[in-house]
Amino acid sequence: MREITHLLANDVTMPGAVSGRIGDVFDPNNGVVQAQVTLGDKALLDRAVAVAKAAQPAWAATNPQRRARIMFAFKALVEKNMDELAHMLSSEHGKVIADAKGDIQRGLEVIEFCCGIPHALKGEYTYGAGPGIDVYSMRMPLGIGAGITPFNFPAMIPMWMFGPAIATGNAFILKPSERDPSVPVRLAELMLEAGLPEGILQVLHGDKEMVDAILDHPDIKGVSFVGSSDIAHYVYKRGVDAGKRVQAMGGAKNHGIVMPDADLDQVVNDLSGAAFGSAGERCMALPVVTPVGEKTANALREKLIPAIEGLRVGISTDEEAHYGPVVTASHKAKVEQWIQTGVDEGAELVVDGRGFKLQGHEDGFFVGPSLFDHVKPTMQSYKEEIFGPVLQMVRAESFEEALALPSQHQYGNGVAIFTRNGHAAREFAARVDVGMVGINVPIPVPVAYHTFGGWKRSAFGDTNQHGMEGVKFWTKVKTITQRWPDGSPDGSNAFVIPTMG
Ligand code: NAD
């Protein structure tokens, strides 16, 4: 059985540092265990942190331009290895190859931003803030940062975190999802190949035990987490209690509002990809569609049914497949259970994806596409995240009712409105209580130089991922007030708080 181990600086891999616990990594196309991942413990983390602590000051003292050159070299290496990485990712996650490449590419765009880190780190300077006095600020690294990542973007989300953390001069410990851990390790190997000094990026596998050890470790100063909301909340509270800076992104239930004037063919095309792409396992998927008005709802339903029934579910290397399997058998069971809950709650199951079997891959974790109509906001299957290939139609009578649905939902990650009416779109974008809004854009994941982050139970902490928010999260500001007196007495009263008046 293939073993996936931690990526540690050389002197950390000493006997006795590994817990002996392992986790299964599946091939979701066939339902078999393809590898085992070694799960680490506190003792291992302690050693890794000690190495990181020793390596970090020299890295922080390396000028930003040199640090940026490593980012450039890394980007070139990832591009060179794109096919290998995409196949590796797809084989553990189950997303189709083109989508796996998108996962890697979106992460690389954050690395491209990090190539400009010298510019982003320039501080502020005020000459002559008082007599002979100048004030300036510097952004200093936190020291050691850690990232805890979910299974659904095993390339992009680690890069969201380690790119800005390392570019700003921190050492970084990555704890990727134990369900698809190979790509994060490979990315870290490529960072070392690009010239990153040993100890600045280490990958430690694990589960709750390792997460808790990270949250409690006094030398880890910042933690970035992405995953489900209950765990995000837990991570946030425990990390903040331990005195750390924490950003913790959680789950989602994104709505697509369809106004009566929308181009329905375009909407159906956009919704098919946004609801079912990656088997719905995206935090920016659109699992809820809200048409405004009965006429819009009926027309949309009529067009959606054949589009959904025509989706091709296939193994992740099938170039014709729209989407592949979900990540594990237990996740498949959970998605199918949510479909049953929707039925029990009285929603109309128009297309039923349960019990789907792919010929020749009967043990794979496939779920066919499902469509519900007449879903009500009071239903549990609407309130919670399903994270599978299930689209729920919640009809609204008016723009105001449609606006209220995502605004009142517990999650506030993303939302989209489809319309030709600029005024309605502008009004919606300003008033909806959600962090990321798409106007005729079904998956409004902001570009790398803007920032990513939801509202309400979709994110705990107040700093977003990547862009300048990422730089801010991984640095602390030091402000220096300096005076170079010319020797003559300035006549001020040293017992009074100095003012610039
Ligand atoms: P998850 O919460 O199960 O796991 C995320 C991480 O937490 C993993 O590294 C895992 O090892 C760790 N973990 C699991 N259980 C833990 C526990 N009890 N205590 C401490 N740590 C624990 O999430 P997942 O299933 O890997 O990912 C899917 C979830 O992530 C979905 O809810 C999705 O919406 C969310 N997500 C959110 C965003 C965002 O930016 N808001 C992006 C991607 C995914």
Side-chain angles (χ1 to χ4, degrees), residues 21 23-25 28 37 39-40 42 45 92-95 103 106-107 110 146-161 173-181 183-184 203-216 223-239 246-254 278-287 326-328 330-332 334-335 338 384-388 409-415 434-436 443-446 451-461 463-466 469-470:
R21 291 191 306 123
D24 288 336
V25 177
V37 58
L39 304 176
K42 182 177 176 305
L45 179 75
E92 290 182 358
H93 177 285
K95 63 177 80 174
D103 183 336
R106 286 307 296 247
V110 174
I148 301 158
T149 54
F151 81 85
N152 70 323
F153 279 100
M156 178 182 81
I157 295 179
M159 284 191 266
W160 276 5
M161 297 177 185
I173 290 180
L174 175 65
K175 205 299 291 167
S177 170
E178 63 278 34
R179 288 185 259 175
D180 48 9
V183 166
V203 182
L204 272 68
H205 302 294
D207 50 15
K208 177 171 166 49
E209 188 176 334
M210 179 59 81
V211 172
D212 287 349
I214 289 171
L215 295 172
D216 296 343
V223 173
S224 183
F225 173 92
V226 177
S228 51
S229 285
D230 287 348
I231 297 172
H233 194 197
Y234 165 80
V235 163
Y236 183 74
K237 284 191 295 188
R238 188 159 174 160
V246 184
Q247 55 178 189
M249 275 62 192
K253 191 89 180 195
N254 308 319
S278 197
E281 294 170 320
R282 289 185 187 135
C283 67
M284 289 295 273
L286 275 188
V326 300
V327 68
T328 55
S330 62
H331 192 57
K332 173 181 155 83
K334 188 176 137 193
V335 171
W338 272 121
E384 301 295 335
E385 181 180 45
I386 297 178
F387 220 55
H409 202 280
Q410 63 163 331
Y411 295 118
N413 215 38
V415 70
V434 170
M436 292 174 280
I443 305 182
V445 177
T451 74
F452 183 104
W455 288 1
K456 299 180 282 183
R457 276 182 62 75
S458 292
F460 302 90
T463 314
N464 277 358
Q465 298 281 351
H466 62 70
E469 292 264 301

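Every number for a ligand or one of its atoms is a count from 1 in the order of the listing. Here, residue 1 is the first one in the sequence, and each next residue gets the next number.
Near I157, with a cut-off below 4.0 Å to any heavy atom, the atoms of ligand 1 are 42 (C), 43 (C). Interface atoms of ligand 1 facing V211, defined by a heavy-atom separation under 4.0 Å, are 20 (C), 21 (N). Taking every non-hydrogen atom of G251 and a distance limit under 4.0 Å, the qualifying atoms of ligand 1 come out as 32 (O), 34 (O). When each atom of ligand 1 is checked for a heavy atom of E178 under 4.0 Å away, the hits are 10 (C), 11 (O). Atoms of ligand 1 lying under 4.0 Å from any heavy atom of F452, numbered from 1 in the order shown and given with element: 39 (C), 40 (O).
For atom 3 (O) of ligand 1, the closest heavy atom belonging to the protein is R179 NH2, 3.5 Å. With hydrogens left out, the protein atom closest to atom 23 (O) of ligand 1 is S228 N, 3.5 Å, a heavy atom. Atom 14 (C) of ligand 1 has its closest protein heavy atom at I231 CD1, 3.7 Å. Annotation: atom 27 (O) of ligand 1 to nearest protein heavy atom, P150 CB, 3.2 Å. Among all non-hydrogen protein atoms, the one lying nearest atom 18 (N) of ligand 1 is K208 CD, 3.6 Å. For atom 36 (N) of ligand 1, the closest heavy atom belonging to the protein is C283 CB, 3.6 Å. Remark: minimum distance from atom 41 (N) of ligand 1 to any protein heavy atom is reached at G250 O, 2.8 Å. Residue, atom and distance of the protein heavy atom nearest to atom 43 (C) of ligand 1 are N152 OD1, 3.3 Å.
A donor-acceptor contact under 3.5 angstrom links the side chains of Q465 and S224, judged on distance only.
The shortest N or O to N or O distance between S229 and ligand 1 is not under 3.5 Å. Between E385 and ligand 1, at least one pair of N/O atoms sits closer than 3.5 Å.
Two residues are said to be in side-chain contact when any heavy atoms from C-beta on lie closer than 4.5 Å; L39 and M210 fail this criterion.
Using cut-offs of 30° and 60° on the angle between ring planes, the pair F151 and F387 is perpendicular. The aromatic rings of F452 and W160 sit tilted, their planes meeting at an angle between 30° and 60°.
Under 4.0 Å from ligand 1, not a single heavy atom of F153 appears.
N413 places no side-chain N or O within 3.5 Å of a backbone atom of G251 that could act as its donor or acceptor partner.
Listed here is the closest heavy atom pair of L45 and I214: CD2-N, 3.5 Å. Between K456 and H409 the shortest heavy-atom distance is NZ-O, 2.8 Å.
Between the NZ atom in K42 and the CD atom in E209 there is a gap of 10.5 Å [rounded to 0.5 Å].
At least one protein heavy atom sits closer than 4.0 Å to atom 34 (O) of ligand 1.
For atom 5 (C) of ligand 1, the nearest non-hydrogen atom from the set V226, I148, D230, N413 belongs to V226.
Applying the side chain to side chain donor-acceptor pair (under 3.5 Å) criterion to R238, with sequence neighbours excluded, gives D216, Y234. With sequence neighbours excluded, no residue forms a side chain to side chain donor-acceptor pair (under 3.5 Å) with E469.
For the pair K95 and F153, the cation-pi test (distance below 6.0 Å, angle within 45°) is passed.
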